[in-house]
Structures are given as C-alpha cells and as structure tokens.
Colleague: 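The structure under discussion is supplied below as structure tokens; questions concerning it will follow.
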Amino acid sequence: MSTVSPLLSLCEVTKIFGGLVALNDIAFDVRENSIVGLIGPNGAGKTTVFNCITGNYVPEQGSITFMGHKLVGKKPHAIVEMGIARTFQSIRLFSSLPVVENVLAGQHCRLRSGLFASMLHTPAQRQEEKRALERAMDELDFVGLADKHAEEAGSLSYGNQRLVEIARALASDPRLLILDEPAGGMNDQETVALVDTINHIRARGITVLLIEHDMRLVMQVCKHLVVLEHGTMIAEGAPDVVSKHPDVIRAYLGAEDEL
C-alpha cells in the first residue's frame, strides 16, 4: 500500500436534504497525478459529491481534505484559491461576452492588483493584466479554441462551450480539476479530442476527477473508478475490475452482463 498521502480524501461524508440521504458515508481518495472517474446511474449523488468538495454544500458529517487541509466549511472562492477548479453539468458562461473574457474570469483568484491600482492603471497592474490575457490565450490554445477568442461565448457549439469552461478552470492554476460530464453535448469527434485533452491535462501535473456517462471515455482515460448508487458507494477500483462487479452491472443494466 502506498505511503504517499492522497491529494484529496473524503471520509464518511454524509449529506441530507430534508429526509433524503443524498450521500451516505462516502469515503475515497484521489491520488496526485491520477484521473479518477466518479460514475453511477442518474440520481446516484455524483454531483452532490462535487458540490461538497467545492464548498457549494456542507455535509452533515464526515471530513474532506485537500493537500492535508480541511475543506468542510470553506467558501467556494477559498477552495478555488487552494487549487481546486471545476466545470459544471450545466454550462455556466457569460454568453454575451467574448470567449477570452470568460477564460480571464478564471484568473481572477490569482490577480493581486487592488482597487486603487486598477483605478490608476499602474504599470504593475498593466503588467498583471497583460500576463492574465496571455495566460487566457494559452489555455484557449490548449483546448484548440484560440482562433475563437473574440467570438461571443454563446455563439459557440455546445461542445466548444464546454471546452471554454475547461480553459477557464485551467486558468485558475488548479492542482485538482473537477469535470462534471465534460462530454455532454459533444459529438463523437469532439469526444475523441476530449480524451486527448484530459490526458494532456494530467501530463501537465494536474489531477482530474470526473463524472461522465460516456463509458467509452471513462474506460479510456480513468485508471480508477468510484461507483455510486442511491448515495452509497457500491464499488471502487480499476475500470476492468469495476466493470465486472455484480452490483455495478445491476445498477447500470439490471442484468448479469458486463458493461
């Protein structure tokens, strides 16, 4: 067993909405420089896990640590500053603004110029602004959208809007990138390209935790899977092992066939 501490660790995380137990004692680790898939049928609690990690929800019990620091109780913006960025299941862009300005928003947590420096447009503030713009363009180039930087974000295809969200998240300098159904709305060609993008993200030293219903993508990029059903973890391990787990087969297919 590895003695290296996990980058992210969830222990006995429980989240309750009214009388509904959305998450029940969820516990798993995410190792640094890995790609981990969080999968399960609709309503399994996957996005609720993400929301607990990123500070959008506060669990009733359990702990969540990132690089040894507690996350429970911290505000979402503080968690971004710690090095966790995410995309959302439903696209959240400023649709009427240029693509590059959407990506620049991801740099906000890293900018240090204060109100007066911005008002006076000091040399230091101008240099910081220039670096932020260069970084935004670098991330757009990384996802293959540099040529669309001046277009309104809402005018892009659904698949390209998802790439803009990924570029914006990367612009915040994350150690952990959380992707919520990144292939949603993408065609087959775009999904194939997304596989390469996710692998290149990991090659940059960024750990990836993703929810995805496209099992072809999951099997190609993930080395470790965590499976939820009705808010409970039913399996965890390598994709080839998890795909043969009886509870996973039942949850997905209701039959004794492999995924």
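No experiment lies behind these values; they were computed from the predicted model shown.
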Colleague: State whether a side-chain donor-acceptor pair under 3.5 Å links Asp173 with Gln107.
Modeller: no
Colleague: Compare all side-chain heavy atoms of Leu71 with those of Thr65 and state whether any distance is below 4.5 angstrom.
Modeller: no
Colleague: Quick one: is the NZ or CZ of Arg204 closer than 6.0 Å to the six-membered ring centre of Phe142, and within 45° of its axis?
Modeller: yes
Colleague: Heavy-atom distance under 4.5 Å between the side chains of Lys130 and Glu134, does that happen here?
Modeller: yes
Colleague: Check whether the side chains of Asp29 and Ser9 place a donor and an acceptor atom closer than 3.5 Å, and report yes or no.
Modeller: yes
Colleague: Out of Thr232, Val242, Ile234, which one pairs with Asp247 under the side-chain contact (heavy atoms from CB on, under 4.5 Å) rule?
Modeller: Ile234
Colleague: Enumerate the side chain to side chain donor-acceptor pair (under 3.5 Å) contacts for residues 179-188, please, sequence neighbours excluded, ordered by first and then second residue.
Modeller: Thr47-Asp180, Gln89-Glu181, Glu181-His213
Colleague: Return yes if a side-chain donor-acceptor contact under 3.5 Å exists between Asn51 and Arg86, otherwise no.
Modeller: yes
Colleague: I'd like to know whether CD of Gln189 has more than 12 heavy-atom contacts from other residues, nucleotides or ligands below 6.0 angstrom.
Modeller: no
Colleague: Which heavy-atom pair separates Ala235 from Val248 by the least distance, and what is that distance?
Modeller: CB-CG2, 3.5 Å
Colleague: What do you reckon, are the aromatic ring centroids of Tyr57 and Phe17 less than 6.0 Å apart?
Modeller: yes
Colleague: Mark yes when over 12 heavy atoms from residues, nucleotides or ligands other than Phe94 sit less than 6.0 Å from its CZ; otherwise mark no.
Modeller: no
